[in-house]
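To keep things clear, I will list the structure first and then write my remarks on it.
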Amino acid sequence: MLATVLLGAFAGVGSAFTLSARDGTSATVYTSCKHEGQIALTFDDGPYKYIEQISDMMTRAGGHCTFFVNGLNWDCIYNQAAGLKYAYGKGHQIGSHTWSHADLTTLNATTMPPEITRLDAALEDILGCTPAILRPPYGSYNPLVQQVVGAHNKSMVTWDFDSGDSTGKNATESKALYKDQEYAGTLLALNHETSNSTVTEVIPFVLDLFGGLGYTFVTVSECLDINPYNHVGQPGNPSYKWNCGDYS
Ligand SMILES: *[C@@H]1O[C@H](CO)[C@@H](O)[C@H](O)[C@H]1NC(C)=O
Ligand SMILES: *[C@@H]1O[C@H](CO)[C@@H](O)[C@H](O)[C@H]1NC(C)=O
Ligand SMILES: *[C@@H]1O[C@H](CO)[C@@H](O)[C@H](O)[C@H]1NC(C)=O
Ligand SMILES: *[C@@H]1O[C@H](CO)[C@@H](O)[C@H](O)[C@H]1NC(C)=O
Ligand SMILES: [Zn+2]
């Protein structure tokens, strides 16, 4: 409803206005961290079976990371509720990556909001919180996407470094890409928690390399000085409603 009103009010204005997400209009888009010496490792497309392992690696490295999760992508989020709660409980940040991983630029003002609200509702069920940040699938957005995401009081976060783990790079290549960034100062790094070799090879290498250089591993919100969540409360009680509908 809110999105529709705003979209109507601003139709035709396009990118001419630059209000922040806090004003309930166009979502701010963040690409890079603000603070030298900080690395925000992000893991998309889960929650998946490796999430606890990633959480533990980050904890051992004395840091935190961010998971941009879907409702229904590699698995139904309710099937991975335990792992998601585990990572959240260890202080890692949970961001929205939309319900179904659709390219938001292919949706309209009617079909886009459920991609946001359905995942928000699942995260309220499982964790009791609503994320304040959203990563658009494929990093794909346009002014309409910014309007709708902004109307849901969220900022958008893309990345300034891609490990290539979803675009055909093997672990050796991903490690070399990271190694090239030794002196970058900051990184907002895209990884996928669904990639076995990211978990077993690349991230252990990254934690050793950058940890040894004195970088700290922080959440996206820490590296941007923004709120992680719009609401934090108590999770719900599991029920028959905790499902992803008819899927296979
Ligand atoms: C939005 O897209 C859906 C599905 O393609 C379509 O049925 C609907 O008419 C569209 N709505 C608007 C307002 O364009
Ligand atoms: C990784 O990819 C590079 C480039 O395609 C290739 O030369 C190399 O053999 C691959 N390494 C492994 C371990 O598969
Ligand atoms: C990755 O694959 C290997 C070999 O197929 C398997 O043993 C392992 O459990 C998988 N996952 C992780 C995170 O180690
Ligand atoms: C919008 O987000 C901000 C920052 O996360 C939060 O403080 C505020 O309560 C939110 N407002 C609404 C209406 O959700
Ligand atoms: Zn993704």
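The chain is numbered in sequence order, starting from 1. Only this structure's heavy atoms are used, side chains among them; waters, hydrogens and symmetry mates stay out. Whatever order the structure lists them in is the order used to number ligands and atoms, beginning at 1.
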Report task. Taking the side chain as every heavy atom from C-beta outward, state whether T198 and E193 have any atom pair closer than 4.5 Å. Result -> no

Query raised in the report: If you draw a 6.0 Å radius around NZ in K169, do more than 12 non-hydrogen atoms from other residues or ligands fall strictly inside?
Result: no

Report task. Taking all heavy atoms of I133 and all of V220, pick out the closest pair and write down the distance. Result -> CD1-CG1, 3.7 Å

Report task. Answer yes if a protein heavy atom lies under 4.0 Å from atom 11 (N) of ligand 2, otherwise answer no. Result -> yes

Requested in this report: Starting from atom 13 (C) of ligand 2, locate the nearest protein heavy atom and write down its residue, its atom name and how far away it is, to 0.1 Å.
Outcome: T172 OG1, 3.9 Å

Requested in this report: Answer yes or no for H192: is there an N/O/S atom below the 2.8 Å cut-off from the Zn ion (ligand 5)?
Outcome: no

Query - Electrostatic pair K154-D120, nearest N-O below 4.0 angstrom - result: yes

Query raised in the report: Do E115 and R118 sit within salt-bridge range, that is, some charged N less than 4.0 Å from a carboxylate O?
Result: no

Report task. Inspect the surroundings of CG in D225 and state if more than 12 heavy atoms from other residues, nucleotides or ligands are less than 6.0 Å away. Result -> yes

Requested in this report: Give the atom name of whichever N/O/S atom in D45 sits closest to the Zn ion (ligand 5).
Outcome: OD1

Query raised in the report: Which protein non-hydrogen atom lies closest to atom 3 (C) of ligand 2, naming both residue and atom, and how far is it?
Result: N170 ND2, 3.6 Å

Query - Option whose closest heavy atom lies nearest to atom 14 (O) of ligand 4, chosen from T130, N153, I133 - result: N153

Query raised in the report: Where does K169 meet ligand 2, judged by heavy-atom distances below 4.0 Å: at the side chain, the backbone, both, or neither?
Result: neither

Query - atom 5 (O) of ligand 2 touched by protein heavy atom at under 4.0 Å - result: yes

Report task. Would you mind running through ligand 4 and noting each atom that sits below 4.0 Å from a heavy atom of Y229? Result -> 5 (O)

Query raised in the report: Taking the side chain as C-beta and beyond, is there a heavy-atom pair between C244 and W99 under 4.5 Å?
Result: yes

